[in-house]
Amino acid sequence: MSRRLRCAIAGCGMVADEYASTLRPSTLVELVACTDIDLDRARAFADRHGISYVAPFQQLDADVILVLTPPEHHAHVASSAISAGMSVYVEKPLAGSVAEAESLLAMAERSGVLVGAAPDTFLAPPTHTAAVALTSGLIGEPIAGTGALLSPGPERWHPNPQPIYDLGPLLDMGPYYLSVLTALLGPIGKVRGATCRSRSCRTRPSGEVFTTASPTHVEALLETTTGVSITLTTSFDVQATTRPHLEIYGTEGTLVLLDPNFHEGVVRVRRRDETNWRVLPQEAAEFEVIGRGMGVLDLADAMLSRRPSKASGESALHVLRVTEAIRQAAESNAALTVPRSHK
């Protein structure tokens, strides 16, 4: 790996600063350009992060385009970059539908470029620590797991929460939980679901009222292809909770993980022969920096070393298939099988 890959950022909103802070010190990528629908915002972003080139999207030239636009533009921006011969890393969700995501990945394969996609928190030390514990048999044979994003909603802190509500908690936050759970327990094979919406009107920090379109509380019962049962709750309707974010239950004990939206946190374990919880020693990170953007480093490393990426488009497509199946299962009140990749 004698060179750094040139990376350009498309979309300079709130999350872009987190990505830039992770990527700037990396030895795998160099931030060479950025763009935004508001070029003044892109210039201010470039000034903050020492990026020398700001231009409309059509003028970007890089090895990797990091797509941080609003979700409804992910597929269009990514496909435009792929058509120009550039690999892409896309914030979640990968696309607005499974069909759209499948088309995007097929285009990338034909073009000979790679697609990476968020979330990437499963690459961080907490999930790696839990994976080592599971592989070593620390809690015996995994039999079940649970994930819970229980929130009163993002309007308390986000200046423009409506796009998040357009996605709903399942599509907005569910991928963090599903990515960690599938990384630890394997792909999902079957789903059941139930949804509701407690309040259709929400209030922005400015005081303006808006209407929510997607369900704001989603319950899902999932089964991995190896027979592990998982319950997943994602909600913007819960005012307070003491429920852990993630737990994995085995025949010999239980693992507890913190919020998978973040790249840091302890992993606790309690075996059936123990009376107290204990914190597991943290496994080392795979990359030199930890934070939002590790998936871009994973993609760059895959491009340079010609190995499969972990935060791949295929992984994100599986998560998208699961979320789509949950919504369909809730609407039909039936158990559904998640389609498997043909690759």
Side-chain angles (χ1 to χ4, degrees), residues 9-21 34-49 54 57 66-77 90-97 118-119 121 147-177 193-220 232-243 245 258-263 291-293 323 326-327 330-331:
I9 295 178
C12 300
M14 290 180 64
V15 76
D17 285 305
E18 293 186 53
Y19 273 91
S21 296
C34 65
T35 191
D36 193 276
I37 193 171
D38 181 349
L39 285 180
D40 286 338
R41 179 164 58 186
R43 293 185 187 98
F45 177 83
D47 288 342
R48 288 197 302 275
H49 297 286
V54 177
F57 177 78
L66 171 54
V67 181
L68 303 178
T69 63
E72 62 269 24
H73 302 303
H74 284 180
H76 171 70
V77 173
V90 187
E91 243 302 334
K92 53 82 190 166
L94 176 59
S97 69
T121 50
L149 179 278
L150 304 176
S151 160
E155 68 269 27
R156 295 189 178 187
W157 58 268
H158 200 287
N160 183 28
Q162 183 158 2
I164 299 176
Y165 277 98
D166 290 341
L167 291 174
L170 177 63
L171 201 55
D172 180 56
M173 296 301 297
Y176 294 105
Y177 291 76
T195 65
C196 67
R197 183 171 52 187
S198 68
R199 290 183 292 122
S200 59
C201 292
R202 304 275 175 147
T203 305
R204 291 185 175 90
S206 64
E208 182 182 357
V209 175
F210 64 96
T211 302
T212 62
S214 298
T216 51
H217 187 97
V218 181
E219 300 277 359
L232 175 67
T233 305
T234 60
S235 182
F236 290 158
D237 292 330
V238 176
Q239 304 307 310
T241 181
T242 59
R243 184 176 170 186
H245 284 280
L258 298 182
D259 191 342
N261 186 20
F262 300 100
H263 294 76
R292 214 166 300 276
T323 58
I326 291 170
R327 289 183 293 179
E331 292 170 0

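Predicted model only: the values in this text are computed from it and were never measured.
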*For H263, all residues meeting side-chain hydrogen bond (donor to acceptor under 3.5 Å, both in side chains), sequence neighbours excluded*: D120
*Residues in salt bridge (Lys or Arg N to Asp or Glu O under 4.0 Å) contact with R197, at least two apart in sequence or another chain*: none
*Mind checking side chain to side chain contact (heavy atoms under 4.5 Å, CB included) for A220 and listing every partner two or more places apart, or none if nothing turns up?*
L222, L232, I326
*With sequence neighbours excluded, tell me which residues meet side chain to side chain contact (heavy atoms under 4.5 Å, CB included) with T203.*
V209
*Can you name the closest pair of heavy atoms from L94 and H74 and give their distance?*
O-CB, 3.8 Å
*Over all heavy atoms of both residues, which pair between R243 and G147 is shortest? Give the atoms and the distance, please.*
NH2-O, 3.8 Å
*Could you tell me the separation between the CZ atom of F57 and the SG atom of C34, rounded to the nearest 0.5 Å?*
13.0 Å
*Heavy-atom neighbours of H76 NE2 exceed 12 at 6.0 Å*: no
*In chain order, what residues pass the side-chain hydrogen bond (donor to acceptor under 3.5 Å, both in side chains) check against N160, with sequence neighbours excluded?*
none
_Using every non-hydrogen atom in the two residues, find where T216 and P169 come nearest and quote the distance to one decimal._
O-CG, 3.5 Å
*Tell me, please, which residues at least two apart from H217 pass side-chain hydrogen bond (donor to acceptor under 3.5 Å, both in side chains).*
E219, S235
*Heavy atoms, side chains only, cut-off 4.5 Å: are P71 and L167 in contact?*
yes
*For the atom pair CG (L68) and CZ (R292), what is the distance rounded to the nearest 0.5 Å?*
10.5 Å
*Taking only residues two or more places apart in sequence, or in another chain, which ones meet D38 in a salt bridge (Lys or Arg N to Asp or Glu O under 4.0 Å)?*
none
*asked:* Suppose we screen for ring pair (Phe, Tyr, Trp, His ring centres under 6.0 Å). Which residues come up paired with F45, at least two apart in sequence or across chains?
replied: H49
*Verify side-chain contact (heavy atoms from CB on, under 4.5 Å) between V54 and T35, making sure each step is shown before the conclusion.*
CA-CA 6 Å; V54 177; T35 191; 5.9 Å; no
_Audit row: H158, M14, side-chain contact (heavy atoms from CB on, under 4.5 Å) steps and yes/no_ = CA-CA 10 Å; H158 200 287; M14 290 180 64; 3.7 Å; yes
_Considering all heavy atoms, the nearest T234-G174 contact_ = CG2-CA, 4.0 Å
*In plain terms, say whether D17 and R41 are close enough for a salt bridge, that is, a side-chain N and a carboxylate O under 4.0 Å apart.*
no
*C12 to D36 - nearest heavy-atom pair and separation*: N-OD2, 2.7 Å
*Would you indicate whether the side-chain heavy atoms of R204 and Q162 approach each other to under 4.5 Å?*
yes
_Spacing of I164 atom CD1 and M173 atom CE [to the nearest 0.5 Å]_ = 9.0 Å
*Output all residues satisfying ring pair (Phe, Tyr, Trp, His ring centres under 6.0 Å) with Y165, sequence neighbours left out; order by chain, then residue number.*
F210, F236
*asked:* Please give me the minimum heavy-atom distance between C201 and T211, naming the atom from each residue.
replied: SG-OG1, 4.4 Å
*Do any pairs count as a salt bridge (Lys or Arg N to Asp or Glu O under 4.0 Å) and have a residue in residues 157-166, sequence neighbours left out, and if so which ones?*
none
*Any side-chain heavy-atom pair from P163 and P70 closer than 4.5 angstrom?*
no
_Taking side-chain contact (heavy atoms from CB on, under 4.5 Å) as the criterion, tell me which of N261, D259, T233, T121 meets it with Y177._
D259
*Partners of T242 by side chain to side chain contact (heavy atoms under 4.5 Å, CB included), sequence neighbours excluded?*
none
_Taking CD1 in I37 as the centre, count heavy atoms belonging to other residues, nucleotides or ligands within less than 6.0 Å. Is the count above 12?_
no
*Mind checking what makes side-chain hydrogen bond (donor to acceptor under 3.5 Å, both in side chains) contact with R43, not counting sequence neighbours?*
D40
*Do R202 and P161 have side-chain heavy atoms sitting under 4.5 Å apart?*
no
